[in-house]
Structure formats: C-alpha cells, structure tokens
Amino acid sequence: MSDLTTLTNGILSGRYRALARAISMIERDDPESERLLAELYPSTGRARIIGITGSPGSGKSTLVNALAKHYRAQEKRVGIVAVDPTSPFTGGAILGDRIRMSELYTDRGVFIRSMATRGFLGGLAKATNDVVDVLDASGFDVVLVETVGVGQDEVEVVRTVQTNLVVLVPGMGDDIQAIKAGIMEIGDIFVVNKADRPGADKTVTEVTMMMSLVEEHGDYIPPIVKTVASKNQGVVELAAAIEKHLDYLKSSGELDRRNRERVRIRIETMLKEKFMDRLIGGTLSRSDYEQLLEHVVHKRNNPHDAAIELLSRVKF
Ligand SMILES: Nc1nc2c(ncn2[C@@H]2O[C@H](COP(=O)(O)OP(=O)(O)O)[C@@H](O)[C@H]2O)c(=O)[nH]1
Ligand SMILES: [Mg+2]
C-alpha cells in the first residue's frame with residue numbers, strides 16, 4: 001500500500017496519529033496534502049461545523065471546552081480547530097488553552113488542533129477548511145472552529161461554517177456599537193458570556209435593539225443566549241439553540257445554500273492563489289511585477305489597464 005493510501009485509511013478509521021500527520025502536511029502546504037484531501041473529499045459532509053467568534057478574552061476557548069464536554073456526554077466525537085492570530089503557536093494564550101482543555105486531551109473522542117497562523121503558506125482560510133474536511137472525513141460528528149473573527153482570512157473562515165456563534169461579554173457598550181455592522185451579519189446565535197458579571201441583561205437588550213435595526217432577517221431571528229462558560233452554565237440552552245438553527249438551515253434550504261457557498265469560496269480562493277502563482281514567479285518575475293505596480297503608483301498606468309495586461313500574460 002502506498003504511503004498516501006495508508007494515511008487516507010488511517011484518517012478514515014479515525015486514527016489520531018494519521019490526523020496529526022495530515023494536518024501538519026496541510027500547514028506546510030505539502031503538495032501531497034492536495035491529493036490526500038481529494039481522496040478524503042467524498043467522505044466529507046457529515047460533520048456539524050460550528051464557528052465560535054469573538055474578541056480575545058471573551059471566553060471562546062472556555063465555551064468551546066464546555067460545548068465539547070456537552071457533546072461528549074452525548075457520545076459525539078468532537079474536533080476542535082483554534083484559529084487565533086493573537087496567539088502564535090508557542091504563545092501563552094494557546095498554552096493556556098492547552099491547560100484548560102487538558103481534561104479533554106485525555107479523551108479519545110476529542111481532537112484539538114491550534115492552527116499556526118503567522119506566515120501561513122497557502123492561506124489560513126484554505127488551511128482551516130482543509131483541516132475541517134480532514135476531521136469531517138475522519139468521522140467527527142461536531143467540528144468547533146474558534147476564531148477571533150477579524151481580518152480577511154478570518155471572515156472567510158466564518159463564512160464557511162454552518163452555524164456561527166458570536167460571543168460577547170457584558171460591559172462592551174461602545175465596542176458593540178463599533179463592531180455591530182460586522183457582527184450582526186455573521187451571527188446566527190449571540191452568546192452573552194460571563195453572565196456572572198454585572199450588565200449581562202443590558203448587553204442582551206443592546207443586542208436585541210441592534211437586531212431590530214437589521215432589516216433582512218428572513219424567517220430566522222438569531223437568539224441571544226446567556227452563558228457562564230467557566231461554570232458550564234447556559235450550555236444546554238446554547239446547544240439547544242444550535243440544534244434549532246440546524247432545523248432552520250435544513251427546512252429553509254439554507255443549509256444547501258451555505259454548503260454551496262462554502263464550495264464556491266474554497267474554489268475561488270484557490271483559483272485566485274493559483275492564478276497569482278502562475279503570474280508571479282511564472283510569467284513575470286517578482287521585480288517585474290513590482291515595477292508594474294510602480295508605474296500605476298506614478299500614474300504612468302492605471303489599475304484597470306494594468307490588470308488587463310497581467311491577465312493577457314497568463315497562459316491557461
Ligand atoms: N467570570 C467569568 N470568566 C470567564 C467566563 N468564561 C471564561 N472566563 C474567563 O475568561 C478568560 C478568557 O477566557 P478564554 O476562554 O481564554 O477566552 P478567549 O480568548 O475568547 O478564548 C479566562 O480567564 C476564563 O477563565 C465566564 O463565563 N465568567
Ligand atoms: Mg481562545
């Protein structure tokens with residue numbers, strides 16, 4: 001059996017060493033990983049993919065931990081992917097996550113991976129989606145994706161999950177105002193975590209008010225759930241809200257639409273990347289490219305004509 005077949009089979013039968021190896025290959029942007037992912041793709045599509053987004057310190061990891069425990073109690077296998085540019089792989093925050101999640105680490109029904117986020121080859125969003133595919137193919141029933149939710153890459157990650165939780169904390173006030181446009185669009189469920197702190201109800205009211213300003217809700221109005229993640233409070237209610245969102249996704253046809261959107265985003269991201277690869281370093285040297293940009297900066301050319309010219313240089 002070839003190495004790739006062994007690895008594919010290892011993943012399909014849920015072996016942790018195979019999973020770890022595959023994910024490292026994806027992180028390195030190893031060319032073999034593309035073939036592996038192609039092999040695994042037919043086995044994907046069963047996992048429930050849930051995003052957890054919110055500011056650093058809002059309690060996302062604690063909440064992920066609590067949700068994972070909840071799902072484990074139902075005998076579900078849980079994959080966790082933490083994407084957090086504020087905490088590099090070796091950084092303190094991730095170490096904190098490791099310790100906090102240690103009770104899950106010893107549980108074979110849980111697989112946790114923090115994505116290295118700096119200097120990422122091939123794009124963070126692509127890598128995250130690929131890792132989610134690997135976990136999905138490996139039979140994890142639930143995949144939780146933790147992100148800080150800022151930056152282009154992260155927004156792309158958020159757009160590819162099925163249900164997105166936006167985690168807020170009491171006393172954000174102006175913060176909520178500042179981020180409202182963005183979060184109102186991406187939130188399927190709003191979580192007011194740290195509800196043991198003063199002002200939780202006020203935050204709930206603020207979110208409700210902002211929600212009423214959003215014109216297009218369709219049939220689904222995102223619920224607001226209060227939690228104290230560090231004490232596992234509100235987790236059952238949150239899981240119920242997640243379940244309800246799935247019912248909505250299915251009955252409205254929105255699940256198919258989101259899955260299709262996920263495919264679209266992934267293909268288009270790869271196309272863009274492959275196009276740029278062919279262009280720069282292929283047809284054109286990096287310095288020629290920089291030269292061309294320079295012409296546009298100094299008004300000797302314009303962005304539109306420059307783009308058309310570049311397009312004409314790529315051989316398909
Ligand atoms: N008081 C209180 N603290 C919490 C709660 N949830 C999390 N924390 C604490 O908030 C801090 C940040 O949590 P963490 O999960 O690392 O946040 P993340 O950066 O969003 O992943 C930690 O010290 C947690 O123990 C909560 O519901 N109430
Ligand atoms: Mg965290």
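Both counts, for ligands and for their atoms, begin at 1 and track the order of listing. Predicted, not measured: the structure shown is a model, and the values here were computed from it. Residue indices begin at 1 and follow the sequence shown.
In this structure, Phe111 and Tyr16 have perpendicular ring planes: the angle between them is above 60°, well past the 30° mark.
The ligand atoms of ligand 1 that sit less than 4.0 angstrom from a heavy atom of Glu146 are 21 (O). Each of the atoms 19 (O) of ligand 1 lies under 4.0 Å from some heavy atom of Pro56.
Residue contacts with ligand 1, taken as heavy atom pairs separated by less than 4.0 Å, involve Val228 via backbone and side-chain atoms alike.
At a cut-off of 2.8 Å, Thr62 does not coordinate the Mg ion (ligand 2) through any N, O or S atom.
Closest approach between the Mg ion (ligand 2) and any N/O/S atom of Glu146 involves OE2.
The closest approach between any non-hydrogen atom of Ser55 and ligand 1 is below 4.0 Å.
Partners of Asp277 under the side-chain hydrogen bond (donor to acceptor under 3.5 Å, both in side chains) rule, at least two apart in sequence or in another chain, do not exist in this structure.
Looking at Thr163 and Arg48, their side chains do bring a donor and an acceptor atom within 3.5 Å of each other. When only modelled atom types and interatomic distance are considered, Asn259 and Asp256 share no side-chain donor-acceptor pair under 3.5 Å.
At least one N/O-N/O distance between Gly59 and ligand 1 falls below 3.5 Å.
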For this session: Start with the C-alpha distance between Leu135 and Leu19, add both sets of side-chain angles, then the distance that settles side chain to side chain contact (heavy atoms under 4.5 Å, CB included), and finish with yes or no.
Result: CA-CA 8 Å; Leu135 294 172; Leu19 280 171; 4.1 Å; yes

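Shown are Glu273, Glu27, Glu34; of these, the salt bridge (Lys or Arg N to Asp or Glu O under 4.0 Å) with Lys126 is made only by Glu34.
Here the shortest heavy-atom distance to atom 28 (N) of ligand 1, taken over Asp196, Asn232, Thr227, belongs to Asp196.
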